[in-house]
Enquirer: 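After the structure tokens below, expect a handful of questions from me.
So you know, we letter chains A, B, ... as the sequences are listed, proteins then strands, and number each from 1. The model shown is predicted, which means the values in this text are computed figures rather than measured ones.
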Amino acid sequence: MKTESKLQKLLDSGHFAVTAEIGPPKHASAHGIRHHAHMLKNYVDATNITDCQTAIVRLSSIAAAVHIRDCGLEPIVQMTCRDRNRIAIQSDLLGAYSLGIRNLLCLSGDHQKFGNEPSAKNVYDIDSIQLIYLMRRMRDEKLFFSGEPIKEHEPRFFIGAVANPFADPFEFRVARLEKKVEAGAEFIQTQCIFDMERFERFMEMVRERGIHERVHILAGVTPLKSWRAAKYLQTSVSGMIVPDDIVERLKKAEDPKREGIEICIEQIKHIRNIPGVHGVHIMAIAWEEVVPEIVERSGLYPRPKVE
Amino acid sequence: MIIAQQKPIKDIAEMIADCKKVLLVGCAGCVTVCLAGGEKETEILAAALRIMRRLQDNPLETVTYVATRQCDPEYIATMDNLVKDVDAIISLACGVGVQYIAERYHDKWVVPALDTKFIGGSKVHGVWEEKCGLCGDCVLHRTGGICPIIRCSKSILNGPCGGSQYGKCEISKDVDCAWQLIYDRMKALGRLDKLMEIQPPKDWSKSRDGGPRKAIREDVMIG
Amino acid sequence: MQYVPNIRIVEMPCSGTIDHRVLLQAFEDGADGVFVAGCMEGDCHFQKGNYRARKRVNAVKKLLDEIGLGGERLEMYNLSAAMGPRFAEIANEMTERVRRLGPSPLKKQSAGTMEKEGDVA
């Protein structure tokens with residue numbers, strides 16, 4: 001089923017896609033995200049806009065996506081199940097589509113406990129797999145989540161989901177990815193990969209099940225600024241594995257930021273050779289300005305053009 | 001059972017600051033079992049409040065009573081003669097008891113001594129844990145007897161989410177990931193294929209989202 | 001065995017039978033301080049009575065702090081029935097502490113007496 005998504009066209013025509021991530025600010029100005037959009041637009045095919053990531057109140061992902069789209073960069077709106085019930089999710093996504101958003105990434109969302117509103121009530125009316133299923137059905141069968149028909153102008157998103165090869169139980173991670181594909185996901189972005197060996201085992205299981213032929217998998221990478229950042233991800237973020245040798249390499253480096261960029265480029269080059277991976281998703285957390293260099297030096301520049 | 005815990009004593013004292021004589025009513029049901037509002041806790045609270053008020057040169061007279069169950073109006077009626085000359089009633093029951101007492105004694109100031117926490121069981125003596133989310137539409141037959149509604153921090157029906165690691169939930173290393181437990185149990189039962197079924201969105205109207213609920217058994221109704 | 005004469009002993013079959021209510025009642029009845037004398041840890045005839053007593057004493061100390069009487073007026077000690085001199089020492093120690101704290105504000109009129117609950121005579 002075709003959508004107007006440029007990302008879908010690229011992936012469907014067999015290109016190795018590059019996506020990035022822009023985190024909206026904790027204020028009401030779009031100046032910074034527009035600046036990042038201009039900086040990234042020729043280097044990536046689309047960019048995710050996070051939805052109050054780590055449960056911290058930020059400028060709306062849909063509003064930010066509109067600014068980014070205005071700058072000529074294709075946005076992927078992230079929609080979590082944490083803050084909205086099925087009424088709000090549908091309403092917001094109808095609105096997002098009307099504003100020209102064509103890519104949607106469905107996630108559960110980080111629990112609010114570690115955000116800046118820990119006393120908030122969470123929603124989780126539906127989960128990420130149900131969201132994928134219901135949005136796919138909305139598009140392909142023209143039905144609201146309730147089953148009521150949409151008479152006209154159904155939103156036609158290119159629907160994505162996330163997979164975390166580093167969470168547990170490991171044996172079930174590929175099965176759950178398959179469940180997401182079964183529910184209707186068309187592209188997958190993974191959690192940032194530092195443990196390449198585990199990711200390769202994950203992809204091996206993906207290929208055994210033939211999942212890579214049914215969905216586009218974009219491998220997530222994150223350039224690290226310092227060994228402390230690596231250590232933080234290693235010890236304090238649930239569902240993340242950072243091998244000690246990465247921490248050590250950054251510790252020994254004369255210029256840790258340079259080293260972080262080098263590591264990321266090596267990872268991308270490695271990932272490109274893993275069968276079944278259709279793209280890379282670069283999450284330069286609060287470090288968007290290094291993305292052009294990473295893309296260029298990974299041999300992924302210039303980006304292909306599609307109609 | 002319903003698990004409750006006593007509010008800070010200062011908060012309870014504040015609620016009855018202008019009273020001279022109060023009735024403290026314990027409950028012999030759940031809150032006795034979870035050691036929050038039985039006979040012993042009722043008497044301890046009464047003594048503590050009396051001491052507090054004597055220290056403030058404003059003595060408080062207390063009467064204590066333990067109802068068989070405060071969640072049955074007929075047991076509330078047994079304390080009619082104790083209520084007459086008190087300025088307030090402190091209920092050491094769950095929220096149900098407080099409300100039934102307030103319903104029966106319209107002109108009395110009725111206050112809660114407990115915070116009603118959850119439905120659960122006692123893992124070991126002195127430790128209670130939440131087990132049921134009261135969703136009104138039990139799914140335990142699909143999840144290996146482990147409730148994802150209340151034991152998964154996100155109530156996910158198609159788990160586990162990406163925050164599950166080393167068997168623990170992303171919110172705390174002290175919280176087991178319910179979906180890891182479900183996975184382990186389904187695996188042991190040889191029923192992992194069941195977890196590949198996409199569980200549809202839940203009908204929350206059967207839960208509190210549908211408004212206050214009632215359960216009716218016409219065959220046992222009298223009159 | 002010589003110890004201060006202001007102590008009233010309440011005998012219990014085991015410190016493990018101590019109840020929060022008994023301790024609170026002692027204060028309501030006018031004790032300026034209360035100490036619970038249980039057997040040596042590890043020597044309980046009923047295995048864990050004295051450990052349980054300590055937990056309860058700690059809970060009541062906390063409650064006394066919350067209600068403004070002060071947890072310092074209550075203490076748990078462990079000693080055996082054969083340790084007369086130690087008992088006298090504790091009695092004097094506790095009396096000193098209570099003197100320092102002053103009479104119980106619950107009983108402003110009369111001079112201090114102390115109650116002791118426990119299984120050591």
Enquirer: Mind running side chain to side chain contact (heavy atoms under 4.5 Å, CB included) on A/R176 and B/Y183 for me, showing each step along the way?
Expert: CA-CA 11 Å; A/R176 189 158 185 266; B/Y183 174 81; over 6 Å; no
Enquirer: Does atom OH (A/Y133) have a neighbourhood of more than 12 heavy atoms from anything else shown, all under 6.0 Å?
Expert: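 Count not over threshold, so no.
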Enquirer: Does any backbone or side-chain atom of A/D168 lie under 4.5 Å from a heavy atom of chain B? Answer side chain, backbone, both or neither.
Expert: both
Enquirer: Which atoms of A/Q191 are under 4.5 Å from chain B, going by heavy atoms: the side chain, the backbone, both sets, or neither?
Expert: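 For A/Q191, neither part sits under 4.5 Å from chain B.
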Enquirer: So if I take each residue of residues 122-132 of chain A and look for any heavy atom under 4.5 Å from a heavy atom in chain B, which residues do I end up with?
Expert: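 The list, in residue order, reads A/N122, A/Y124, A/D125, A/I126, A/D127, A/I129, A/Q130.
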Enquirer: Can you tell me if A/S238 uses its side chain to pair, donor with acceptor, with the backbone of B/G163 under 3.5 Å?
Expert: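 It does hold such a pair.
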Enquirer: Does any backbone or side-chain atom of B/L192 lie under 4.5 Å from a heavy atom of chain A? Answer side chain, backbone, both or neither.
Expert: neither
Enquirer: Evaluate whether atom CH2 of B/W204 has more than 12 neighbouring non-hydrogen atoms of other residues, nucleotides or ligands under 6.0 angstrom away.
Expert: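 Above 12, so yes.
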Enquirer: Is atom NZ of B/K168 surrounded by more than 12 heavy atoms (other residues, nucleotides or ligands) closer than 6.0 Å?
Expert: yes
Enquirer: For atom CZ of B/R191, decide whether the heavy atoms of other residues, nucleotides or ligands shown that lie under 6.0 angstrom number more than 12.
Expert: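 Not more than 12 within 6.0 Å, no.
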Enquirer: Considering residues, nucleotides and ligands other than B/H141, do more than 12 of their heavy atoms fall under 6.0 Å from its NE2?
Expert: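 More than 12 within 6.0 Å, yes.
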Enquirer: Could you check whether atom CD1 of A/I87 has more than 12 heavy atoms from other residues, nucleotides or ligands sitting under 6.0 Å from it?
Expert: no
Enquirer: Looking at A/K180, A/E178, A/E171, which makes the most heavy-atom pairs under 4.5 Å with chain B?
Expert: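 Among A/K180, A/E178, A/E171, the one with the most close pairs to chain B is A/E171.
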Enquirer: Check the surroundings of atom NZ in B/K117: do more than 12 heavy atoms from other residues, nucleotides or ligands lie under 6.0 Å from it?
Expert: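 Atom NZ in B/K117 is not crowded, with 12 or fewer foreign heavy atoms closer than 6.0 Å.
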Enquirer: Roughly how far, to the nearest 0.5 Å, is CG of B/D184 from CZ of A/F172?
Expert: 11.5 Å
Enquirer: When rounded to the nearest 0.5 angstrom, what distance separates CG in B/N158 from CD in A/E182?
Expert: 12.0 Å
Enquirer: Is the backbone of A/M240 close enough, under 3.5 Å, to the side chain of B/Q165 for a donor and an acceptor to pair up by distance?
Expert: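 Yes, B/Q165 side chain to A/M240 backbone: donor-acceptor pair under 3.5 Å.
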Enquirer: Within a reach of under 6.0 Å around NZ of A/K142, are more than 12 heavy atoms found that belong to other residues, nucleotides or ligands?
Expert: no
Enquirer: Sort A/V162 into side chain, backbone, both or neither according to what part of it lies under 4.5 angstrom from a heavy atom of chain B.
Expert: neither
Enquirer: Measuring heavy-atom distances to chain B, does A/F166 have an atom under 4.5 Å in its side chain, in its backbone, in both, or in neither?
Expert: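 Answer is backbone: N, CA, C or O of A/F166 sit under 4.5 Å from chain B.
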Enquirer: At a 4.5 Å cut-off on heavy atoms, which part of A/R173 comes close to chain B: side chain, backbone, both, or neither?
Expert: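 When you check distances to chain B, only side chain atoms of A/R173 fall under 4.5 Å.
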Enquirer: Considering non-hydrogen atoms only, spot the tightest contact between A/A167 and B/G162 and give its length.
Expert: CB-O, 3.4 Å
Enquirer: Under 4.5 Å from any heavy atom of chain B, what part of A/D110 do you find: side chain, backbone, both or neither?
Expert: both
Enquirer: Has the side chain of A/K179 got a donor or acceptor atom that lies under 3.5 Å from a matching backbone atom of B/E197?
Expert: yes
Enquirer: Using non-hydrogen atoms only, which part of B/K154 is less than 4.5 Å away from chain A: side chain, backbone, both, or neither?
Expert: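 Interface part for B/K154: both.
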Enquirer: So which atom in A/L134 and which in B/P201 form the shortest heavy-atom distance, rounded to 0.1 Å?
Expert: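 That would be CD1-CG, 3.7 Å.
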Enquirer: Where does A/K113 contact chain B at under 4.5 Å (heavy atoms): side chain, backbone, both or neither?
Expert: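 Side chain only.
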